Amino acid sequence: MVNIDAVLIDQVVRFLNSLYYASIIFLLAVGLSFVYGYLNLLNLAHASFLSLGAFIGAELIIVATQLPSALSTIGPFLVILLVVPILIAVIGVVFEYSIFRPLYDMEETFQLLATFGIVLMLEGILELIWGGETVSGTAPNTILGTVSIGTRTFPVYVLGVILVTAGVAVGLYYFFERTRLGRITIAMAEDPDIVRTCGIDVRSIHLLILLLSVGLAGLAGALWVPNASATVGISLNFIILAFAVVVIGGLGSLKGAIVGSLFVGFVRTYGLIFFPSLSLVFVFLLMAVVVLIKPTGIYGGLET
Amino acid sequence: MSDDEQFNNSQQNSLTGTGISEFATKERVHNLLNWRVLGFIGLVIVGAILPYLQFRFLTFLAAEIFIFAIVGLGYNVLLGYTGLLSFGHAAFFGGAGYTIGLLLEYTQIQSFVLLAGSALVIVFLLSAIMGFVSVRHTGVYYALLMLALAQILYLMVSKNYNLTGGTDGLRISAPTILGVNYAEQLGYNLYLQFILYFIIFVTFITVVVLLYQFMNSPFGLTLRTIRENPERAEAIGIPVKRYRWYASILSGVIVGIGGLLYAFLIGRVTPGSTLYWTLSGEIAFMTILGGPTTFFGPAVGAGVFIVLRTIILDVAPEMWLLVLGTVLYFVVVFFPSGIYGGLRAVLSGIRENGVRETLRTVWPRQTSDTGSTTPTQGGEQ
């Protein structure tokens with residue numbers, strides 16, 4: 001009996017870890033998907049905002065823990081959930097006004113090349129500021145402590161990340177399905193000219209989507225950093241995974257991003273058991289198969 | 001795009017003028033003596049003299065430039081001539097290197113010819129398979145397919161530590177050439193400067209000459225037709241997909257030649273430097289930097305790229321990525337015809353229209369009504 005319990009507990013822990021990884025990937029991929037679906041920009045540099053969020057988040061968490069008494073326990077969470085996303089979103093808008101804008105009308109393949117340039121640029125900036133250093137802010141983990149699952153302990157923080165991401169997903173669904181602005185956004189992806197003719201400011205909706213997407217990437221970075229550390233080069237791995245998620249799920253689709261990131265999260269964790277060296281190969285294999293069979297992804301088209 | 005037209009016209013003249021017309025022969029002679037050919041002859045002479053100057057560093061740098069010039073020329077068979085952007089060519093570059101690394105590690109084979117030959121066979125198979133799968137799509141889906149397939153290879157190599165040495169990679173020892181191990185007999189320096197360098201140099205010349213002929217043969221013209229208008233090409237009976245497949249095989253094999261020479265030059269293959277997707281991006285960058293609408297552009301781009309990298313890594317290594325990214329962004333957005341393409345447009349423009357008019361055509365953003373400045377990449381919708 002004890003053995004069966006142990007197996008079950010292992011499964012629960014593994015399941016939660018998969019969800020945790022899927023959460024981070026989802027927050028990144030959903031923005032990538034929106035920027036493509038609504039702004040027509042295939043942005044290789046999207047994960048660089050995750051990098052930026054991770055670095056800034058780690059530094060600010062360290063600052064926040066040195067604040068006086070009560071603030072030092074709430075501070076790190078404010079940093080992760082509010083300060084970093086807003087800061088990164090503002091940086092994203094600056095980028096939009098300066099270097100993303102000339103790219104909207106270009107061919108997609110050229111967008112890939114130009115944004116690859118932006119990836120290198122941002123990596124270069126991170127390297128200039130932080131060099132080869134790794135920065136980590138583990139405070140949120142220690143503040144929240146652990147919860148026991150049977151015989152094992154599990155960090156509460158990870159559960160928190162999963163809940164926050166679920167909240168974001170529900171919020172996005174509500175936004176697109178139930179609010180006027182969300183419906184307008186979907187209409188805009190279908191036909192911006194008609195929407196503009198209806199007297200709606202398409203440009204500000206563009207900005208809103210970009211703000212949201214980049215902010216979520218920043219949030220992903222900040223949520224990720226307490227359990228790992230920020231180093232130069234993480235965005236290069238993340239962006240490829242995010243592309244896999246988005247291609248598998250369907251470019252521009254919210255449902256697709258959810259399904260795709262869950263797939264990546266579970267393959268990564270469970271693949272490690274059976275094929276320790278090749279778990280992520282399945283992700284790219286599926287990506288190739290999906291592109292071949294249904295290039296618009298599992299939930300192709302633009303309905304959310 | 002005037003340079004490209006000129007490029008095409010001269011080719012059409014020599015193609016359509018199959019009857020011996022005086023015009024065609026004059027055109028031929030003119031073509032032979034133009035600055036492009038003179039420049040190439042100059043390069044051959046400089047390249048041949050270089051190692052005798054006894055600057056080991058300079059020879060090494062030149063060898064690296066020749067290798068990436070080969071890679072750029074090969075990559076451009078797809079990007080410039082066929083209009084397909086690939087984010088997976090690192091697979092061919094690293095695939096060739098790893099074939100050699102694995103053979104040296106696990107077999108007794110030491111001969112350069114055998115090693116290089118088997119690397120090319122593997123790369124041929126690899127590019128045939130990856131190309132066969134990927135040409136089902138064009139545009140961004142082609143790029144993403146190549147990326148996914150190349151990433152699979154990268155993961156398989158970097159995660160199988162026992163077989164491939166993981167992220168540390170494999171050592172490539174100096175091969176025997178026609179039965180002689182020159183590195184042992186002459187010492188490594190002399191081997192590098194005189195044997196390996198000349199192998200790389202001669203390969204470069206051969207690739208340039210053969211590929212130039214090949215891309216101006218009916219095969220190359222067919223690729224250009226496909227790039228310009230795939231529907232029309234299909235309609236006049238060209239099997240578009242099959243030609244795209246041929247092009248990706250040719251491109252992959254030439255990039256593989258570069259990859260195997262690079263492995264011998266550096267003496268080590270690692271997944272990070274030869275198989276990771278950022279290398280595919282850098283190859284695309286060299287090609288764009290030099291000019292994908294011209295034949296020689298990518299070679300020029302590779303040269304500028306390597307020299308720039310060497311200088312920056314020496315002076316301020318922490319600035320390298322920032323400079324690289326910024327240059328790439330500005331080249332793609334503002335000068336998509338690259339250094340060589342832009343230079344050619346300016347030179348021929350000044351000859352015909354004068355300075356002011358030329359500046360306007362080279363930088364169409366100033367006239368704005370010409371629409372997109374992107375060259376005619378990927379004719380797909």
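Each chain gets a letter, A, B and so on, in the order the sequences are listed, and its residues count up from 1. This structure is a prediction, so every number in the text was calculated from the model and none was measured.
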Contacting region of B:Phe87 [heavy-atom separation from chain A under 4.5 Å]: side chain

A:Tyr21: which of A:Leu241, A:Val267, A:Leu262 passes side-chain contact (heavy atoms from CB on, under 4.5 Å): A:Leu241

Residue part contacting chain B, namely of A:Ala244, when any heavy atom lies under 4.5 Å: neither

Proximity breakdown for A:Leu292 and chain B, heavy-atom pairs closer than 4.5 Å: both

Contact leader toward chain A among B:Leu322, B:Thr326, B:Val327, where contacts are heavy-atom pairs under 4.5 Å: B:Leu322

A:Val291, part contacting chain B, at a heavy-atom distance under 4.5 Å: both

Residue part contacting chain A, namely of B:Leu153, when any heavy atom lies under 4.5 Å: neither

Ring centers of A:Phe49, A:Phe238 separated by less than 6.0 Å: no

Flag side-chain contact, heavy atom, 4.5 Å: B:Ile288 against B:Phe335: no

Among the listed options B:Tyr154, B:Phe285, B:Tyr276, B:Phe330, the residue most often paired with chain A at heavy-atom distances under 4.5 Å: B:Tyr276

Within the 6.0 Å centroid threshold, strictly below: A:Phe55 and A:Trp224: no

Test: A:Arg203 cationic atom under 6.0 Å from A:Tyr97 six-membered ring centre, within 45° of axis: yes

Name each donor-acceptor pair under 3.5 Å that joins a side chain in residues 119-130 of chain A to protein atoms two or more places apart or in another chain, with its distance.
from	atom 1	to	atom 2	distance (Å)
A:Glu123	OE1	A:Gly233	N	2.9
A:Glu123	OE2	A:Ser235	OG	2.5
A:Trp130	NE1	A:Glu59	OE2	2.7

Most contacts with chain A, counted as non-hydrogen pairs under 4.5 angstrom, among B:Leu149, B:Leu144, B:Leu324: B:Leu144

Residue A:Ile240 versus chain B: region with a heavy atom under 4.5 Å: side chain

Student check: side-chain heavy atoms of A:Tyr20 and A:Asn227 closer than 4.5 Å: yes

Interface moiety of A:Leu286 toward chain B, non-hydrogen atoms closer than 4.5 Å: neither

Chain B contact via A:Phe243 - side chain, backbone, both or neither, heavy atoms under 4.5 Å: side chain

Residue of the set B:Phe68, B:Tyr75, B:Trp277 for which ring pair (Phe, Tyr, Trp, His ring centres under 6.0 Å) holds with B:His89: B:Tyr75

